[in-house]
Amino acid sequence: MGGVTSSMAAKFAFFPPNPPSYKLVTDDHTGLLLLSPFPHRENVEVLKLPTRRGTEVVAIYIRHPLATSTLLYSHGNAADLGQMYELFIELSIHLRVNLMGYDYSGYGQSTGKASEQNTYADIEAAYKCLEECYGTKQEDIILYGQSVGSGPTLDLAARLPQLRAVVLHSPILSGLRVMYPVKRSYWFDIYKNIDKIPLVHCPVLIIHGTADEVVDCSHGKQLWELCKEKYEPLWLKGGNHCDLELYPEYIRHLKKFISTVEKSPSQRYSSRRSTDQFEQPRKSTDVYEVSRKSTDRREKPRKSTDRPEKLKNQFISADKLEKLRVSFDHMERSRRSVDCHEKSRKSIDHQMDRARKSVDRLDRIRTG
């Protein structure tokens, strides 16, 4: 079953940039790994991390001198580290956090193939590196998952009870639910976030654009409803799937969230009681207008995630979607057919029983 699920994920959910947007080079003088074409930064380390599934993933670790939290960022399905690099640098600076980003197996210069199970092993390798190489404690880590990255993020978060926090950026309920409005989880579905988010015990921030054409905003809202420890969500009016970082409120809300979760649990609880910010989203977050392009980061969104045709095809092509729909319609018809058969059988049994009682009455009349 796992193999079938991974195969579905690889076909429908992963679009690694081809060719990769960066190269790995080794500095002749220092022997350090570098991400080309980006200049070397003293506070940035480039790493190769082995995973439990035999692949080797590329990761970058960005230090901030005043950081008390570390962000472990799982990017979307049509980007790689080269396209995320500048954003990672700016997030580290503006949020005052250490940041680790990584490429999934089969992305960028990571080896192997993209699959659901591989992404779980990939994020585990990144988390293990934070613990063993940098001495990062679980309670100081904030997991950040964007789009498909919400899958490995929630899978890991559900198994780490002492995490500081989780951020879900344009998250999915599950892979299948992006393509088809199913009402329950099927064994072959991928990234069943809807089933895992109730298992997360730390504060969760959800950010979603109201005009998202790839993953409908209803995914984010339903996940928020299922959170155990809700934080004020950010519904960006007019925001699409790949442009939320361009809204000034995006970075402001993240700063506020990190400032809140860096307090002790007792301070957080006191703050929650006084402001009710964990339970009731502000109405103002529903009326943000599209702002001018942020001067705090690059002018253009990432190329690989800015193409309309990719927005439409990020999870599944139209013909494959139609096949899935036909398959589900067939399943539903089969189920209804079974139900109808059961009703017919019960009706026949009832009629036979009535006939037997009628014969019994006739016999009694004759013998009487």
Side-chain angles (χ1 to χ4, degrees), residues 5-22 51 55 57-59 72-85 87-88 101-123 126 143-156 167-180 188-194 196 206-209 212-217 219-220 223 239-245 301-318 320-321 324:
T5 304
S6 296
S7 176
M8 282 188 61
K11 289 179 180 179
F12 301 152
F14 301 111
F15 294 85
N18 188 21
S21 67
Y22 68 95
T51 76
T55 65
V57 296
V58 179
L72 176 51
Y73 197 116
S74 300
H75 61 64
N77 70 340
D80 63 19
L81 282 181
Q83 295 167 335
M84 302 297 296
Y85 184 84
L87 175 63
F88 286 170
Y102 65 99
D103 263 341
Y104 309 123
S105 297
Y107 276 68
Q109 301 299 331
S110 295
T111 65
K113 293 183 179 180
S115 74
E116 180 191 20
Q117 295 304 317
N118 275 350
T119 61
Y120 296 154
D122 299 339
I123 194 172
L143 299 184
Y144 190 117
Q146 180 179 5
S147 188
V148 163
S150 61
T153 291
L154 282 176
D155 183 76
L156 182 61
V167 179
L168 300 177
H169 176 148
S170 306
I172 63 175
L173 285 167
S174 73
L176 192 57
R177 285 173 173 86
V178 175
M179 305 179 285
Y180 197 90
F188 52 84
D189 199 355
I190 61 174
Y191 297 130
K192 300 174 189 177
N193 293 340
I194 189 172
K196 294 176 183 177
I206 297 182
I207 304 171
H208 217 121
D212 195 322
E213 297 175 355
V214 179
V215 180
D216 191 80
C217 191
H219 285 244
L223 287 172
N240 212 307
H241 196 65
C242 305
D243 63 358
L244 304 189
E245 304 95 330
R302 297 183 297 279
K303 290 183 180 178
S304 70
T305 53
D306 196 34
R307 298 173 184 169
E309 64 271 19
K310 282 210 170 185
L311 291 180
K312 295 178 182 178
N313 297 321
Q314 274 192 329
F315 283 89
I316 186 170
S317 61
K320 290 175 181 176
L321 176 57
L324 270 178

Ignoring hydrogens, what is the shortest heavy-atom contact between [X] and [Y]? Give both atom names and the distance.
| X | Y | result |
| --- | --- | --- |
| Leu81 | Tyr102 | CD2-N, 3.8 Å |
| Ile123 | Ser74 | CD1-OG, 3.5 Å |
| Thr55 | Ser105 | OG1-OG, 2.9 Å |
| Ser150 | Leu168 | CB-CD2, 4.0 Å |
| Gly220 | Pro171 | CA-CG, 4.1 Å |
| Gln83 | Ser21 | N-OG, 3.3 Å |

(Q) Between Gln146 and Met84, does the side-chain contact (heavy atoms from CB on, under 4.5 Å) criterion hold? Intermediate values first, please. (A) CA-CA 12 Å; Gln146 180 179 5; Met84 302 297 296; 3.9 Å; yes
Would you say [X]'s side chain and [Y]'s backbone share a donor-acceptor pair under 3.5 angstrom?
| X | Y | answer |
| --- | --- | --- |
| His208 | Val215 | yes |
| Thr153 | Gly149 | yes |
| Asp212 | Gly209 | no |
| Asp80 | Gly82 | yes |
| Ser110 | Val58 | yes |

To the nearest 0.5 angstrom, please state how far the [atom1] atom of [X] sits from the [atom2] atom of [Y].
| X | Y | atom1 | atom2 | value |
| --- | --- | --- | --- | --- |
| Leu154 | Ile172 | CG | CD1 | 9.5 Å |
| Leu72 | Leu143 | CG | CG | 5.5 Å |
| Ser174 | Lys196 | OG | NZ | 10.5 Å |

Would you mind reporting whether [Y] and [X] have side-chain heavy atoms less than 4.5 Å apart?
| X | Y | answer |
| --- | --- | --- |
| Asn118 | Thr51 | no |
| Glu245 | Leu87 | yes |
| Leu176 | Ile190 | no |

Q: Decide ring-ring contact (aromatic ring centres under 6.0 Å, His included) for Tyr104 and Tyr107; before the verdict, give the C-alpha distance in whole Å, the side-chain angles of both, and the deciding distance to 0.1 Å.
A: CA-CA 5 Å; Tyr104 309 123; Tyr107 276 68; 5.4 Å; yes
Q: Take the angle between the ring planes of Tyr120 and Tyr191 and call it parallel below 30°, perpendicular above 60°, tilted in between.
A: perpendicular
Q) Do the side-chain N and O atoms of Asp103 and Tyr22 include a donor-acceptor pair separated by under 3.5 angstrom? A) yes
Q: Verify the distance criterion only: is there a donor paired with an acceptor across the side chains of Ser147 and His169 at less than 3.5 Å?
A: no
Q. Taking it one step at a time, do Leu244 and Ile207 satisfy side-chain contact (heavy atoms from CB on, under 4.5 Å)?
A. CA-CA 8 Å; Leu244 304 189; Ile207 304 171; 3.9 Å; yes
Q: With salt bridge (Lys or Arg N to Asp or Glu O under 4.0 Å) as the test, would you mind laying out the steps for Lys192 and Asp155 before giving the verdict?
A: CA-CA 9 Å; Lys192 300 174 189 177; Asp155 183 76; over 6 Å; no
Q. Hey, mind stepping through Val178 and His219 against side-chain contact (heavy atoms from CB on, under 4.5 Å) and telling me if it holds?
A. CA-CA 8 Å; Val178 175; His219 285 244; 3.9 Å; yes
